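Structure record follows, encoded as structure tokens.
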Protein chains: 2
Amino acid sequence: MEEFASVSGISRPTLSKFFNDPDSVRRTTRQRIEMALEQHDYRPNVYAMNQNRRKTKNIGIVVPFLADPFFTEIGRAVELACIDAGYSPILLSSHGSLEHETDNLESLRSLKPAGVLLAPFGRASDKDAICAFGKDVPLVLFDANIEDAGEAFIGTNNFQSIDLMVDYLCRSGEPPCLFEMKSPSNPNANKRRQAYLDSMARQGHEAHIFQADGEGWNFEEIGSQEGGRMLAEKVFPTNTILCSNDRLAIGMLSAAYGLGIRVGHGADCAMRIAGHDDHPFSRFTCPPLTTIAQDYTSIADRAVNTLFRVMESEERLSAREETLFDGRLVMRDSA
Amino acid sequence: MEEFASVSGISRPTLSKFFNDPDSVRRTTRQRIEMALEQHDYRPNVYAMNQNRRKTKNIGIVVPFLADPFFTEIGRAVELACIDAGYSPILLSSHGSLEHETDNLESLRSLKPAGVLLAPFGRASDKDAICAFGKDVPLVLFDANIEDAGEAFIGTNNFQSIDLMVDYLCRSGEPPCLFEMKSPSNPNANKRRQAYLDSMARQGHEAHIFQADGEGWNFEEIGSQEGGRMLAEKVFPTNTILCSNDRLAIGMLSAAYGLGIRVGHGADCAMRIAGHDDHPFSRFTCPPLTTIAQDYTSIADRAVNTLFRVMESEERLSAREETLFDGRLVMRDSA
DNA sequence: AATAAAATTTAACGCGCGCAAAGAAAATCT
DNA sequence: AGATTTTCTTTGCGCGCGTTAAATTTTATT
């Protein structure tokens with residue numbers, strides 16, 4: 001950098017400022033530097049840069065399981081937003097295990113990130129560790145909330161979305177049963193169950209909940225196995241099933257097909273199946289899945305913007321913010 | 001670290017060695033250090049550590065499009081392998097755009113990674129940039145090959161796998177047509193087309209190739225739209241279609257369902273559809289997709305091991321290695 | 001026990017940059 | 001035009017560790 005300073009005719013501290021934030025120097029000098037850069041292609045040492053800086057230009061993004069298309073999608077949106085803002089996103093997956101989540105936060109801490117976007121496991125997460133992390137680093141949660149952790153939470157309003165779906169299903173046919181995992185780690189599942197109970201009560205229908213055994217993240221498999229078993233045994237008292245998420249629904253649709261059960265809302269159909277999340281593949285199931293679309297883009301944008309706001313203000317938010325976006329009913333053929 | 005050295009009774013250079021590689025110090029001192037670590041929980045500054053090191057403990061992993069489940073899966077396998085080996089994987093997606101691929105390599109270069117695993121776009125990639133990168137950093141390619149770039153390439157033997165599938169399809173019914181993208185960026189698509197032509201010639205059947213218009217990575221959408229149009233227009237001369245990859249097949253299956261065409265190898269079925277890759281969702285299509293399983297695990301393991309071999313040898317491989325794993329026929333109901 | 005080999009300590013330099021203070025230069029304002 | 005503000009330059013310290021070389025200690029070998 002010393003070298004580049006002499007050949008470019010700019011002092012080293014000014015260059016230092018420039019590389020930290022190109023807009024912090026006068027426009028004319030900035031142009032001079034950029035001219036010189038094109039000729040001598042010098043690039044500052046990332047490690048030396050960040051060593052003495054309290055905060056870097058890194059933004060951590062932690063998701064519980066990257067192989068779940070929902071998180072790949074939202075991760076992608078968030079990553080691109082960060083790049084556009086001139087930051088370096090670092091996308092970390094917790095690979096479905098709690099240890100990795102904790103490890104990821106530990107790794108991030110030593111990277112002195114300017115901020116972190118975290119989609120935690122939820123109940124299973126190490127709440128204390130996450131709260132402590134939030135004290136040191138600007139932290140915004142998304143998808144799954146943990147009370148009092150981080151500066152803000154952005155997610156979907158499960159009560160609105162489930163109510164929307166239940167209402168639609170009741171109006172257009174038999175009231176739905178709920179199909180879900182027995183021990184969901186994700187708090188959204190619990191909210192959705194409660195929302196289902198509320199909605200059914202409000203509509204004056206009896207609620208029926210069916211829970212699938214199984215651990216892990218192979219939701220399609222579980223939906224197919226357990227859901228298929230229930231279909232075969234005809235345990236469902238109505239012909240309409242609301243699955244707690246699309247991945248379970250995809251599995252159940254597959255099982256229904258295998259059993260020769262025609263799914264859909266047509267006259268020739270035996271039952272209806274609906275999901276929640278508008279999984280990228282739900283458009284291509286057979287039949288295409290009626291579901292609730294989470295507002296990926298808004299969630300990603302709001303999460304990033306909130307994080308930037310906290311980062312720029314250099315102080316904590318006066319009050320923790322919780323933003324819930326409404327879900328949108330996506331009517332396809334399955335229900 | 002100076003501090004930790006005094007309280008632990010270990011000299012700083014020894015600690016330095018320890019943090020670089022715990023096995024490089026005597027076992028007794030290593031235990032003393034680990035004891036002290038538990039009491040004083042000191043952690044070296046990542047940036048200061050890496051500033052003066054030629055190589056870091058980082059390993060870059062670059063995939064063209066993380067939202068494609070194939071790459072999420074293989075990325076996951078590779079990531080975990082790196083973690084197990086004590087390295088820090090950095091997973092980067094090129095988000096389907098060439099500029100990001102180049103940017104990703106540039107970012108990685110300044111992170112002084114110990115090695116990089118790259119799944120390039122293929123033909124579209126900046127070959128010179130990748131070759132140049134390979135001169136500076138141990139580089140192993142996977143999935144898509146670029147001649148002479150990096151130390152090795154690990155992928156699937158498309159000629160074997162397609163031949164396996166064509167042979168199966170011919171034996172069990174009508175010979176297949178090939179359905180693919182018109183202008184595939186991935187070199188595997190070209191290999192598969194050639195393999196299809198070869199196999200059909202060998203079997204003494206006439207080859208029929210149908211190409212879908214469309215750009216980008218929305219293969220399911222393209223398969224559904226274009227494939228559906230072709231199905232509706234009955235352009236296929238046989239009742240069996242081999243799709244160049246599972247994502248196209250998933251789209252086409254969806255379209256077939258919408259058209260009321262019964263897909264499968266049963267007596268009551270009108271046509272057969274097969275894919276290639278054993279996409280994570282192919283087990284749950286309707287009907288479940290007959291396809292070729294790429295050996296994810298072997299590819300990931302071999303790629304990582306090869307990279308480590310190059311990294312440890314501190315020199316280039318005497319000859320560039322190309323390893324192709326055989327595909328495995330996965331017979332499900334669709335064909 | 002004597003010798004050789006391996007591991008550790010001591011001491012000291014440097015990496016590439018952030019950062020702070022004080023003065024000089026340029027741009028803006030009255 | 002001068003006064004004021006902004007920006008830049010000069011100077012120099014220090015971050016936290018890698019790394020080296022010589023001196024010393026510990027372990028392994030004969």
Side-chain angles (χ1 to χ4, degrees), chain A residues 1-37 40-58 86-88 106-107 109-114 136 311 314, chain B residues 1-37 40-58 86-88 106-107 109-114 136 311 314:
Chain A
M1 182 151 168
E2 206 89 47
E3 249 181 83
F4 180 67
S6 49
V7 298
S8 65
I10 309 277
S11 74
R12 201 174 62 74
T14 305
L15 287 178
S16 180
K17 281 198 69 177
F18 169 83
F19 285 115
N20 188 4
D21 177 8
D23 290 322
S24 65
V25 301
R26 202 189 298 142
R27 195 167 65 246
T28 54
T29 47
R30 177 176 151 185
Q31 288 166 344
R32 283 174 58 201
I33 296 175
E34 284 167 347
M35 293 270 291
L37 270 180
H40 300 85
D41 93 306
Y42 152 84
R43 312 177 62 199
N45 179 313
V46 186
Y47 297 105
M49 277 182 67
N50 290 331
Q51 175 178 15
N52 299 318
R53 226 197 280 283
R54 293 274 296 299
K55 310 245 166 199
T56 68
K57 283 283 183 179
N58 297 328
Y87 286 84
S88 300
E106 282 302 298
S107 315
R109 195 193 287 273
S110 58
L111 291 179
K112 305 187 221 169
D136 302 334
M311 282 160 43
E314 298 283 339
Chain B
M1 182 150 167
E2 206 89 47
E3 249 181 86
F4 181 67
S6 47
V7 298
S8 65
I10 308 277
S11 73
R12 203 175 61 72
T14 306
L15 287 177
S16 180
K17 280 197 69 176
F18 170 83
F19 285 115
N20 188 5
D21 176 9
D23 290 322
S24 66
V25 301
R26 203 189 295 143
R27 193 165 68 246
T28 54
T29 48
R30 176 175 151 186
Q31 287 166 347
R32 284 173 58 203
I33 295 175
E34 282 167 349
M35 293 270 291
L37 270 181
H40 299 87
D41 94 307
Y42 153 84
R43 311 179 58 198
N45 179 313
V46 187
Y47 297 106
M49 278 184 66
N50 290 331
Q51 175 177 16
N52 298 320
R53 228 200 279 283
R54 292 270 297 299
K55 310 243 165 201
T56 68
K57 283 282 184 181
N58 297 327
Y87 286 84
S88 301
E106 282 303 298
S107 315
R109 194 194 289 273
S110 57
L111 291 180
K112 305 188 223 170
D136 302 334
M311 281 160 42
E314 298 282 341

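Keep in mind that the numbers below use all heavy atoms, side chains included, and drop hydrogens, waters and symmetry copies. What you see is a predicted model; the values in this text were computed from it and never measured. Naming: A, B, ... by sequence-line order, numbering from 1 per chain.
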Sequence neighbours excluded, which residues qualify as salt bridge (Lys or Arg N to Asp or Glu O under 4.0 Å) partners of A/Glu2? A/Arg12
Return no unless some side-chain N or O of A/Tyr42 is found under 4.0 Å from OP1 or OP2 of C/dC17. yes
Rounded to the nearest angstrom, tell me the gap between atom CD in B/Glu2 and atom C1' in C/dT10. 11 Å
Output all residues satisfying side-chain contact (heavy atoms from CB on, under 4.5 Å) with B/Gln31, sequence neighbours left out; order by chain, then residue number. B/Arg27
For A/Arg30, give me all partners under side-chain contact (heavy atoms from CB on, under 4.5 Å), at least two apart in sequence or on another chain. A/Phe18, A/Pro22, A/Asp23, A/Val25, A/Glu34
Shortest non-hydrogen pair, B/Asp136 vs B/Lys55, comes out as O-NZ, 4.0 Å
Counting primed atoms, P, OP1 and OP2 as sugar-phosphate and everything else as base, the B/S/- map of nucleotides 18-26 of chain C against protein heavy atoms under 4.0 Å is BBB-----S
Restricting to side-chain contact (heavy atoms from CB on, under 4.5 Å), what partner residues turn up for B/Asn20, sequence neighbours left out? B/Arg53, B/Lys57
Rounded to the nearest angstrom, tell me the gap between atom NZ in A/Lys112 and atom P in D/dG16. 8 Å
What is the distance, to the nearest angstrom, from the CZ atom on B/Phe18 to the C1' atom on D/dC17? 16 Å
How many Å lie between CD on B/Glu3 and P on D/dC17, as a whole number? 10 Å
Between B/Leu111 (CG) and C/dG16 (P), how many Å, whole number? 16 Å
Are B/Thr14 and C/dT9 close enough that a side-chain N or O sits under 4.0 Å from OP1 or OP2? yes
Examine the base of D/dG16 for any acceptor or donor lying under 3.5 Å from a partner atom in the side chain of B/Gln51, and report the outcome as yes or no. yes
For the pair made of CZ in A/Arg32 and C1' in D/dT7, what is the distance, rounded to whole Å? 12 Å
Value in whole Å for how far the P atom of D/dT26 lies from CZ of B/Arg30: 22 Å
D/dT26 P sits how many Å from B/Arg27 CZ, rounded? 18 Å
According to a strict under-4.0 Å criterion, is B/Thr29 in side-chain N/O contact with OP1 or OP2 of C/dA7? no
Scanning both residues in full, the closest heavy-atom pair of A/Tyr47 with B/Ser110 reads CE1-O, 3.8 Å
For B/Ser11, give me all partners under side-chain contact (heavy atoms from CB on, under 4.5 Å), at least two apart in sequence or on another chain. B/Pro13, B/Thr14
